[in-house]
Structure formats: C-alpha cells, structure tokens
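As the structure is a prediction and not an experimental result, all values here were calculated from the model.
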Amino acid sequence: MSTAIVQPLPAQIARETIAVHSKSFALASRLLGPRLRDQTSIIYTWCRRADDAVDEVSQHSAHEELLRLHRELHAVYTGVTREPVLAAFGAVIRARTIPQRYPAELLAGMAMDVRRAEYNKLEDLITYSYRVAGVVGLMMSHVFGVRDDEALVHAAHLGIGMQITNICRDVAEDWNRGRLYLPDEVLARHGAAGLAGDLGKPLASSARAPLAASIAELLALADRYYASGAAGEHALPWRAALAVRAARGVYSAIGAQIAAQDHDVFAGRAVVPRSTKLARVAAATLRTLAEAPLRIARPAVRVPLTTLELGRVPRL
C-alpha cells in the first residue's frame, strides 16, 4: 500500500522560513494571534524569496531572476498563479488590499543591488532602505490595520531604521560580497571618502576608525527613525503594537551591541543575547499593558486608505 506524501501548508512553510532566517522577527511574530502571525510570516517569506533570488546567483543570472520576480508579482496580482507560496501571498494581498506599489518598490530595491548601485549621498541610502524595508512596514500596516493613515509614515520610518541597523551590522560581510552601503558623503566626513573604490580588495585596517565613526553616525540616525516608529504604535491594535514594539526593541539592541563593540567592523557580527531579547519583549509587554486604558476610546482599526510614496516620507 502506497503512502501519500503530505505537503506542508504555505503558512507552515512561512513560519519555518521566518524562524530560520530571522530569529528577531520570529520572536516578535509569536506575540501575534494565529491569523496575523501567518499573514506576517507569508509576507516575510515572499520578501525573503525575492532577496535570495537575486542574492545567491551571479550578476548575469540576477538580472534574469529580477525579471522572473516581476512576472511572478504580476501573476500574484492578477490571481493566475498556483505556486503555493505565491498563491498564499496573493491571498494575503487580496484580503488586506495591499497596493502593488509596495512589493514593486521592494523589487526596485533588489534592482539597486543587481546593478551595484552607488551610495554617494545619504539620500541614496534612505531610498534603498525605504524600498527594501520601509515598504515592508507599509505592507504590515495593511495586515495589522491602523486607526489613522498618518501612522503609515511611522511604519515606513521603522522599516528604514531597521535597515540602517542591518547595514551597520553587516559592513564587513557586505564588503566581502563586493558591496558598500555606507554613503560616501558620510564616509567623507570621517576621512574615508572614496572607500568604495577599494571594493574587491581586503578591507584595510586603516579604514577601522573612519568606518566606526560613520557607523556611529548612521546608528544615531537609525535611532531617530526608531523614535518615529514608536510614535505610530498607538495606531495599531494591541497585539500588533506589542509585536512591533518588541521587534523595535530587539533591533535597537543590535545597534547597542554594535556600539558596545566600539562600532568596530573587525570585531565580528554583533549578536544580541537571548536574555536581552527577552528583556526587550518584557519591556514591550509592560508598555502595552500600561496603555490599555487609553485604547478604549480610540477609533477602530481599518485597512489603510492611501498609498504612501517614497517622496511623501519625511527625512529625519
């Protein structure tokens, strides 16, 4: 007698994906109810799928993969795909009316990686961070619901802050992959103008101090974006606010860990201890409980009614 092979459900695949690739987001997602957790994981899985498609192949193949991702996104929005993960992503998009502009912007961020975009100005970094992370915050605003569309700016800011933190943490790793996201204008302020011209060579020890000062400046900028992100948490339902607050706390702890290593790119990848993560979750829980009485008189949450474009995101 043959035994049927049971395929994992898309939501199960998504939960496993977020657990493997982002322990911080996986921890925060556990604070959500089952529906929101599954929808969050499915969006994360599609974003991860896009990132891996262009990151793990040659540059020539990455161009082809980017075209494939655009075709897939079109299929998702026209409802003609049966591939399980894409179909699940499409179901979330339709249920939460997520504008196609947001995932399309994420693919535009992937395109910046494929063409090896140069980051001369801080604005270039903000554009990239909005595309690969700010729009994720905007998609999550549709999943969670908001009380006011003004909260969309705060959602985008939180994503931008998280991406700046990622970039500061991964300078050495990115350098070894032929990438430098730190803007030249920031590096120039600290004596390392034109450092991108040395890509392909070993990272010189003489760059240690300029890189450390540049990272410190960018982490201070990330903190301003985190503060704006925090200002929008009141517009979320309580469980979503708790999860977002916990994720923000854990990510800001990454910046604190980098600072504890004197912002030294040669000191190894900054890792936040589990005890610190749990402490940040506990702090987020207490803050959310404390504001519970204030939520009673607030308007009900709803799907956002506007689409937030990059040009309408204030710079901090």
Side-chain angles (χ1 to χ4, degrees), residues 21-29 31 40 43-44 47 51 102 105-106 109 112 119 121-141 143-144 146 150-171 174 181-183 185-186 213-236 240-261 263 269-272 276-277 280-281 283-284 287 308-316:
H21 292 284
S22 179
K23 292 180 172 57
S24 296
F25 286 138
L27 177 62
S29 72
L31 302 173
T40 297
I43 287 179
Y44 177 90
C47 295
D51 188 44
Y102 294 155
E105 280 280 17
L106 188 137
M112 292 175 72
Y119 296 85
K121 302 293 184 182
L122 184 58
E123 178 64 22
D124 300 327
L125 176 61
I126 298 303
T127 295
Y128 178 75
S129 297
Y130 167 82
R131 285 176 169 169
V132 301
V135 295
V136 178
L138 293 172
M139 287 191 280
M140 294 314 306
S141 294
V143 170
F144 296 150
V146 294
E150 289 184 5
L152 295 178
V153 166
H154 302 295
H157 278 172
L158 180 57
I160 290 170
M162 288 179 168
Q163 184 59 30
I164 292 173
T165 300
N166 278 337
I167 286 167
C168 290
R169 179 191 59 192
D170 297 338
V171 171
D174 288 333
Y181 294 98
L182 306 189
E185 72 168 326
V186 175
S214 298
I215 289 169
E217 178 180 334
L218 290 175
L219 286 177
L221 176 62
D223 284 341
R224 297 201 292 276
Y225 278 98
Y226 284 136
S228 176
E233 290 164 358
H234 70 90
L236 298 169
L242 171 59
V244 169
R245 191 167 278 147
R248 175 175 57 80
V250 170
Y251 252 77
S252 64
I254 295 173
Q257 188 65 29
I258 294 170
Q261 297 176 184
H263 308 97
R269 198 170 195 263
V271 177
V272 178
T276 300
K277 291 180 180 180
R280 295 296 176 106
V281 171
R287 174 65 187 274
L308 184 66
E309 304 281 349
L310 172 61
R312 294 169 52 209
V313 179
R315 307 313 191 252
L316 301 180

Legend entry - Residues that Glu105 engages under salt bridge (charged side-chain N to carboxylate O under 4.0 Å, His left out), provided they are two or more places apart: Arg101, Arg131
Inset, instruction - Could I get the full list of salt bridge (charged side-chain N to carboxylate O under 4.0 Å, His left out) partners for Glu150, not counting sequence neighbours? - result: none
Legend entry - Arg287 atom CZ, neighbour heavy-atom count above 12 within 6.0 Å: no
For [X] against [Y], the heavy-atom pair lying closest together:
X: Cys168; Y: Ile258; result: C-CD1, 4.0 Å
X: Asp124; Y: Met112; result: O-CE, 4.1 Å
X: Ser129; Y: Ile167; result: OG-CD1, 4.3 Å
X: Ala151; Y: Gly232; result: CB-O, 4.3 Å
X: Gly159; Y: Ala133; result: O-CB, 3.2 Å
X: Ala246; Y: Ala284; result: N-CB, 3.7 Å

Inset, instruction - Could you tell me the separation between the OH atom of Tyr102 and the CG atom of Leu138, rounded to the nearest 0.5 Å? - result: 4.5 Å
Inset, instruction - Can you measure from CG (Asp51) to CG (Leu106) and round to the nearest 0.5 angstrom? - result: 8.0 Å
So, do [X] and [Y] sit near enough that their side-chain heavy atoms are less than 4.5 Å apart?
X: Leu219; Y: His263; value: yes
X: Leu218; Y: Leu122; value: yes
X: Leu125; Y: Val186; value: no
X: Val313; Y: Ile126; value: no
X: Val272; Y: Tyr251; value: no

Inset, instruction - Not counting sequence neighbours, which residues clear ring pair (Phe, Tyr, Trp, His ring centres under 6.0 Å) with Tyr128? List them please. - result: Tyr119, Tyr181
Inset, instruction - Apply ring pair (Phe, Tyr, Trp, His ring centres under 6.0 Å) to His157 and list each qualifying residue two or more places apart in sequence or on a separate chain. - result: Tyr225
Taking only residues two or more places apart in sequence, or in another chain, which ones meet [X] in a side-chain contact (heavy atoms from CB on, under 4.5 Å)?
X: Gln257; result: Gln261, Ala270, Pro273
X: His154; result: Ser228, Ala231
X: Ala213; result: His190
X: Ala230; result: Glu233, Arg248

Inset, instruction - Let me see the working for Ile160 and Gln163 under side-chain contact (heavy atoms from CB on, under 4.5 Å), right down to the final yes or no. - result: CA-CA 5 Å; Ile160 290 170; Gln163 184 59 30; 5.9 Å; no
Can you list everything that forms a side-chain hydrogen bond (donor to acceptor under 3.5 Å, both in side chains) with [X]? Sequence neighbours excluded, please.
X: Tyr226; answer: Thr165
X: Glu185; answer: none
X: Arg315; answer: Glu123
X: Asp170; answer: Arg269

Inset, instruction - Go through the steps to decide whether Val281 and Lys277 satisfy the test side-chain contact (heavy atoms from CB on, under 4.5 Å), and finish with yes or no. - result: CA-CA 6 Å; Val281 171; Lys277 291 180 180 180; 5.6 Å; no
